[in-house]
Amino acid sequence: MDRSGLVGGPVEAARALLGRSIVRDDAAGRRVGRIVEVEAYGGPDDRASHARFGRTSRNAVMFGPPGFAYVYLVYGMYDCLNVVTGPEGTPAAVLIRAIEPLQGIDAMRIDRVRLAAARRHAPRTSPPRVERLVDARIASGPGLVGAALGLDRSWTGIDLCDPRSPLRLEDPAGTVAGGRVIATPRIGIDYAGDPWSGVPWRLAIGGHPSVSGPRSTR
DNA sequence: GCAAGGATATCG
DNA sequence: GATATCCTTGCA
């Protein structure tokens, strides 16, 4: 996709990313998903942003130009994909929280099984639930997006706007399915305090089956 | 409702 | 160097 759509404010950039395709090429083939849920993080004042303590080795890419990937590990096991936004020097990013699988669904499942195997001490009283998930729920959550696309922190710095990148953003091939955009507070950032924990910077396509969370929040 | 899991930021 | 914390998930 064109980088110019990402230079505005974080919420504006988040809205520009909704409905875009994300493409992952590797030896196994091509995986394609459509972005249906995002969260905006931006501005040095945003107490929920990884940049709230200033520049560190982890978040340095957020201070760079827009359109690059920032992948971080959370809870010790989930790699989450962000798109750096805003002009260079402004630390902002959009977290990709859910995608609708379009192509390469089998490959997405394989990497999800890998994720399940990584939970070494998890009780295995039943077959991994991932194998029973319906397609629409394979990547319905930020940790699941990373797993479905086979990402880890080493992907930080990839140019998502370069058509030659093995991981990139593209304009959707077909028509963008209808559906209103809903806006809610961001997930899991209560520590950020007022007003940051309440600003409606989580955007999603309302009612879409691939959006994360309980039905009441979709 | 809660455990699993490791990197990170902040402290001592 | 130690440790509290974390933008989550799947199963109890």
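All chains are named by letter (A, B, ...) in the order of the sequence lines, taking the proteins before the strands, and each is independently numbered beginning at 1.
- Each of B:dA9, C:dT8, B:dA4 was ranked by its minimum atom distance to the side chain of A:Phe53; first place goes to B:dA9.
- Side-chain contact between A:Leu6 and A:Met1: present, with at least one pair of heavy atoms (C-beta onward) separated by less than 4.5 Å.
- Computed from coordinates, the A:Asp79 CG to B:dG6 C1' distance equals 11 Å when rounded to whole Å.
- Taking side-chain N and O atoms only, A:Tyr191 has a distance below 4.0 Å to OP1 or OP2 of C:dC7.
- For the pair A:Tyr78 OH and B:dT8 C1', the interatomic distance rounds to 18 Å; values are reported in whole Å.
- Of the possible polar contacts, none joining the A:Arg34 side chain to the A:Leu102 backbone as a donor-acceptor pair under 3.5 Å is found.
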In dot-bracket form, 5' to 3', how is DNA chain C paired? Count Watson-Crick and G-U wobble pairs only if both distances fall under 3.5 Å, and write | where the partner sits on another strand. ||||||.||||.

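- Remark: C1' of C:dT8 and CD1 of A:Ile96 are 17 Å apart, rounded to the nearest angstrom.
- A stacked arrangement is not assigned to A:Tyr72 and the six-membered base ring of C:dC7, the conditions of a centre distance below 5.5 Å and an interplanar angle below 30° not being jointly met.
- Rounding to whole angstrom units, CZ of residue A:Arg137 and P of C:dT8 are separated by 15 Å.
- At least one side-chain nitrogen or oxygen of A:Arg153 sits closer than 4.0 Å to the OP1 or OP2 atom of B:dT8.
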Show every donor-acceptor pair shorter than 3.5 Å between a side-chain atom in residues 156-166 of chain A and any protein atom, with sequence neighbours excluded, or say none if there are none.
unit_1: A:Thr156; atom_1: OG1; unit_2: A:Val71; atom_2: N; d: 2.9
unit_1: A:Thr156; atom_1: OG1; unit_2: A:Val71; atom_2: O; d: 3.0
unit_1: A:Thr156; atom_1: OG1; unit_2: A:Arg153; atom_2: O; d: 3.1
unit_1: A:Asp159; atom_1: OD1; unit_2: A:Arg3; atom_2: NH1; d: 3.0
unit_1: A:Asp159; atom_1: OD1; unit_2: A:Arg3; atom_2: NH2; d: 3.3
unit_1: A:Asp159; atom_1: OD1; unit_2: A:Cys161; atom_2: N; d: 3.0
unit_1: A:Asp159; atom_1: OD2; unit_2: A:Arg3; atom_2: NH2; d: 3.0
unit_1: A:Asp162; atom_1: OD1; unit_2: A:Arg164; atom_2: N; d: 2.8
unit_1: A:Asp162; atom_1: OD1; unit_2: A:Arg164; atom_2: NE; d: 3.2
unit_1: A:Asp162; atom_1: OD2; unit_2: A:Arg164; atom_2: NH2; d: 3.0
unit_1: A:Ser165; atom_1: OG; unit_2: A:Asp159; atom_2: O; d: 2.6

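- When side chains are defined from C-beta on, A:Val61 does not count as touching A:Tyr72, because their heavy atoms never get closer than 4.5 Å.
- Taking atom CG of residue A:Leu95 and atom P of nucleotide C:dT8, one finds them 8 Å apart after rounding to whole Å.
- OP1 or OP2 of C:dT8 sits under 4.0 Å from a side-chain N or O of A:Arg97.
- Phosphate contact (OP1/OP2 of C:dT8, side-chain N/O of A:Tyr75, threshold under 4.0 Å): present.
- The nearest pair of heavy atoms linking A:Asp135 to A:Pro101 is O-CG, 3.2 Å.
- Checked by atom type and distance alone, the side chain of A:Asp46 never pairs as donor or acceptor with a backbone atom of A:Arg52 at under 3.5 Å.
- Rounding to whole angstrom units, CD of residue A:Glu39 and C1' of C:dT8 are separated by 12 Å.
- When the nucleotides C:dC7, B:dG5, C:dG10 are ranked by their closest atom to the side chain of A:Leu144, C:dG10 comes out on top.
- Of the possible polar contacts, one joining the A:Arg137 side chain to the A:Pro209 backbone as a donor-acceptor pair under 3.5 Å is found.
- Within 4.0 Å (heavy atoms only), A:Arg58 reaches sugar-phosphate atoms of the nucleic acid but no base atom.
- The side chain of A:Thr56 places an N or O atom within less than 4.0 Å of a non-bridging phosphate oxygen (OP1 or OP2) of B:dA9.
- The listed nucleotides are B:dT8, B:dG5, C:dC7; the one nearest the side chain of A:Met77 is B:dG5.
- Rounded to an integer number of Å, the gap from NE2 of A:His50 to P of C:dC6 is 10 Å.
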Evaluate the criterion side-chain contact (heavy atoms from CB on, under 4.5 Å) for residue pair A:Ile35 and A:Leu169; output intermediate values, then yes/no. CA-CA 10 Å; A:Ile35 299 171; A:Leu169 296 162; 3.9 Å; yes

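- The CH2-P distance, from A:Trp196 to C:dC7, rounds to 16 Å in whole Å.
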